[in-house]
Amino acid sequence: MFNKIALVGGTHGNETSGIQLIRNWQAFGLPSRFSTLNVSLNIANEAALEANVRFVEEDLNRQFTFDGLASSNTSKEAVLAKTLNQKFGPKGNSATDFVIDIHNTTSAMDATLILLEADEFHTQLGRYVKQHMPEANILVEDEKPYLEHGYLCTTGKKGVMIEVGGQPQGVLREDVYLLTQTMAEVILDFCVAYNQGDISTDALPPCEAFRLGENISFPLSEKGQRTAMIHHSFQDSDFAPLLPGMPMFRTFDGKDINWEGDKETYPHFINEAAYHKLDVAFATAERFTL
Ligand SMILES: [Zn+2]
């Protein structure tokens, strides 16, 4: 049963669609069909919102490991994480049944639901979202156990992320906003159905999903400077198959660098602005049936 659900926006202060959805639901109320749910509406990092930045000192959405929460780190976000962990968690012994954390990306990922486990519950959730929102992408990041992630949503007994794009940082696009709203509502519809006992094993048809592979870095010179950019034919191709031999980078002296994997991959977070400092160009995934 979901007795307590936390909807969160503004974990990253310049990701406006989730922030605006929280603000609007605070102002106008949640749709009445969710009246049986106990949903709190939360803005995570007000200081980052104020400054219109992703974070003030450190990425808040990496602070929620057990080590991070126990550390003496005094950065603004490390301190904030401890407060939020008391509010939503505490992680591992949480008073919140479900944390839904809303993000957006500069990559053309459309509406993506990020699941951190592919167990029975999340399988049903993923299938339900795909059935009610066929344009959604279901991305599974289960390369490590749920509680080992540093994400804010892991303060809940269960936690997922909504990730919608492409939307520039600090900008609100109506199409991205509407996809965000739709996905949040479909997840809450699932919670209502789940509480009513309407979600039964094998009731929902299996669906396409993607499992995170690895991050691919931009090519760098010996001095650590980039020597290439995302190839024009690859830009905005999130979740489209990247086949061996297809170009992914164009070097600044005009040569193509191709994907040399032994099979196709499903790239996402292509040219994500927030990964600039990390020199991450995109992430790979494999397609599977959830
Ligand atoms: Zn984010």
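Numbering of ligands and ligand atoms starts at 1, following listing order. Here the structure is a predicted model, which means the values were calculated and not measured.
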Margin query: Nearest N/O/S atom of His103 with respect to the Zn ion (ligand 1), by atom name, please.
Written below: ND1
Item checked: the Zn ion (ligand 1) to nearest N/O/S of Glu163 less than 2.8 Å -> no
Note to self: To 10 degrees, how wide is the angle ND1 (His12) to the Zn ion (ligand 1) to OE2 (Glu15)?
What the structure shows: 90°
Next item on the list: Return the orientation label for the Phe121 and Phe190 ring planes: parallel under 30°, perpendicular over 60°, tilted otherwise.
Entry: perpendicular
Next item on the list: In plain terms, say whether Lys263 and Glu286 are close enough for a salt bridge, that is, a side-chain N and a carboxylate O under 4.0 Å apart.
Entry: yes
Checklist line | Quiz item: cation-pi between Lys91 and Phe66, 6.0 Å / 45° | finding: yes
Notebook entry, point to check: According to the interplanar angle, ranging from 0 to 90°, do the rings of Phe234 and Phe282 count as parallel (below 30°), tilted (30 to 60°) or perpendicular (above 60°)?
Noted result: perpendicular
